[in-house]
2 protein chains.
Amino acid sequence: MDVWKRFGEKEVSHSMAHYLQTVATLKREKGHARVGDIADMLGVSKSGVTSMIRSLHARGLVSHEKYGCVELTPSGSLLAERTESSRRVLTMFLTDILGVQAQVAEEDACMIEHLVSPEVSVELLRITSFLRSDHPVAKQFRDAYHASPRSCAEHAPGACDMCGATCLRESLVREVGDAPLKVRA
Amino acid sequence: MDVWKRFGEKEVSHSMAHYLQTVATLKREKGHARVGDIADMLGVSKSGVTSMIRSLHARGLVSHEKYGCVELTPSGSLLAERTESSRRVLTMFLTDILGVQAQVAEEDACMIEHLVSPEVSVELLRITSFLRSDHPVAKQFRDAYHASPRSCAEHAPGACDMCGATCLRESLVREVGDAPLKVRA
DNA sequence: CAAAACAGTTAAGGCATCTTAACTCTACGC
DNA sequence: GCGTAGAGTTAAGATGCCTTAACTGTTTTG
């Protein structure tokens with residue numbers, strides 16, 4: 001019913017997840033994360049970083065002393081790692097199993113990494129390792145799948161047990177004329 | 001680099017996608033979509049609906065005359081259908097292929113439906129129909145996969161070509177002590 | 001060690017989305 | 001055909017996340 005509203009109640013927002021990952025990356029690569037480095041890496045202003053730090057601090061995800069470096073707390077670190085793992089699993093699944101182009105895979109993974117539940121991430125990891133393995137069924141899958149049809153055959157409404165009245169594929173790929181949709185300001 | 005920032009530049013936001021779907025559903029089920037119906041179905045105030053309608057109208061996604069019914073434009077309708085299809089495909093994939101619990105699958109699908117690119121949705125549809133089909137490989141997959149390990153074996157850093165230094169699964173499921181993370185206000 | 005260069009913060013403001021409160025329409029009962 | 005219930009709108013305010021501009025603190029350097 002109101003699941004959609006919980007979008008704004010995730011433990012961290014999309015922005016927050018990326019700030020946390022950035023701090024983790026900087027810490028790993030340079031040994032410390034400064035406001036300016038974070039701003040550069042994310043492409044936002046330093047004042048934006050300062051205020052986000054305040055917000056992350058209020059949630060117990062980072063610590064920071066004025067004019068000093070930013071550190072992840074244990075929860076912040078956990079969240080950063082989990083998001084990063086989720087992204088890696090998603091990207092691998094999209095490229096290696098679904099065969100989606102790398103750039104699209106990375107963009108999609110970036111968008112949804114923090115929204116996918118651990119349950120689903122774990123299952124994605126499982127199916128990805130299974131289908132990449134040398135298990136005979138995995139090998140057969142790779143051969144058979146790449147030869148499988150890219151779309152369902154033309155079918156009457158109701159003929160396909162997945163599609164129902166209208167072909168799912170059609171509605172996923174159809175464009176409105178040639179006019180691209182207006183992009184949000 | 002800045003992919004993460006395009007989160008706010010999707011053609012429609014999470015909220016907008018749900019408003020569009022709600023209008024489509026009401027139109028289908030009751031023949032018309034009124035402000036109050038939309039507000040009830042989404043669990044928001046009527047004034048919230050009014051202002052979102054203004055915003056959707058500015059993007060050419062709905063039409064609405066004062067005190068009247070809300071209608072989807074062709075682009076709005078396309079977007080609503082696409083989002084709905086994306087959600088159906090995702091849910092099916094998560095439940096039927098990954099075997100994730102229905103409730104979790106629906107929540108995750110609701111969160112990410114509008115963020116998944118058509119390319120990925122189409123491939124998800126393809127793999128889902130393939131693995132649900134009576135193709136011999138699909139049958140073998142179902143048998144073999146359900147018997148496959150739920151986690152990678154204990155392994156040294158670098159031993160698993162997917163995990164790298166730390167086990168992905170570990171970082172996906174690990175909790176910080178017993179303390180649940182603070183939820184966003 | 002002082003001045004300049006650089007890093008970080010605060011303040012003020014914009015946009016999206018939501019809320020409540022108060023107002024305005026519309027339409028039905030009589 | 002008018003009054004009122006209820007549907008819808010506007011206005012004002014909150015929050016999250018971003019910006020620019022102006023200020024403050026720190027560090028480098030000559």
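Remember, it's a predicted structure, so these values are computed and weren't measured experimentally.
With rounding to whole Å, A/M52 atom CE is found 16 Å from D/dT15 atom P. For A/E9 and D/dT15, the CD to C1' distance is 13 Å, given to the nearest whole Å. When rounded to the nearest whole Å, the span between CD of A/E65 and C1' of D/dG25 equals 14 Å. In this entry the distance linking CH2 of B/W4 with P of D/dC17 reads 10 Å, nearest Å. Atom pair A/L61:CG and D/dG16:C1' shows a separation of 15 Å (rounding to whole Å applied). Atom CD1 in A/I38 sits roughly 12 Å away from atom P in D/dC18 (whole-Å rounding). Atom NZ in A/K46 sits about 12 Å away from atom P in D/dT20, given to the nearest Å. Look at NZ on B/K10: it is 23 Å from P on C/dC15, rounded to the nearest Å.
Interface remark: the B/T50 side chain does not form any donor-acceptor pair with the D/dT10 base, using a distance-only criterion of under 3.5 Å.
Distance from the side chain of B/S51 is smallest for C/dC18 among the nucleotides C/dC18, D/dC17, C/dG8. Side-chain proximity of B/Y67 to the nucleotides C/dA7, C/dT24, D/dC17 is greatest for C/dT24. When distances are taken from the side chain of B/S47 to each of C/dT9, C/dT20, D/dC17, the shortest belongs to C/dT20. Nearest to the side-chain atoms of B/R59 among the listed nucleotides C/dC18, C/dT10, C/dA16 stands C/dA16. When distances run from any side-chain atom of B/R34 to the nucleotides C/dT9, D/dA7, C/dC18, the shortest one goes to D/dA7. The side chain of A/R54 lies closest to C/dT10 when the candidates are C/dT10, D/dC18, C/dG8. Which of C/dT9, D/dC17, C/dT17 sits closest to the side chain of A/K66 comes down to C/dT9. Closest to the side chain of B/V35, out of C/dT10, D/dG8, D/dT10, is D/dG8.
Taking side-chain N and O atoms only, A/S45 has no distance below 4.0 Å to OP1 or OP2 of D/dT20. Between A/K5 and C/dT19 there is a side-chain polar atom (N or O) within less than 4.0 angstrom of OP1 or OP2. At the phosphate of D/dC18, OP1 or OP2 sits under 4.0 Å from a side-chain N or O atom of A/Y19.
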* Asked: Yes or no on side-chain hydrogen bond (donor to acceptor under 3.5 Å, both in side chains) for B/T83 and B/R87, after CA distance, side-chain angles and deciding distance?
  -> CA-CA 6 Å; B/T83 311; B/R87 178 214 294 273; over 6 Å; no

* **Candidate pair B/R126 and B/E123, rule salt bridge (charged side-chain N to carboxylate O under 4.0 Å, His left out), full reasoning** => CA-CA 5 Å; B/R126 185 179 168 211; B/E123 291 301 327; 3.3 Å; yes

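In this structure, A/T95 contributes its side chain and A/V100 its backbone to no donor-acceptor pair below 3.5 Å. A/T22 places no side-chain N or O within donor-acceptor distance of the main-chain N or O of A/I38, the cut-off being under 3.5 Å.
Defined by atom type and a distance below 3.5 Å, a donor-acceptor pair is present between the side-chain atoms of B/S45 and B/S47. With 3.5 Å as the limit, one finds a donor-acceptor pair spanning the side chains of A/R59 and A/S55.
B/G48 comes within contact range of at least one nucleobase, with a heavy-atom separation under 4.0 Å.
Mapping A/H64 and B/G43 onto DNA chain C via the closest heavy atom, the residue that lands nearer the 5' end is A/H64.
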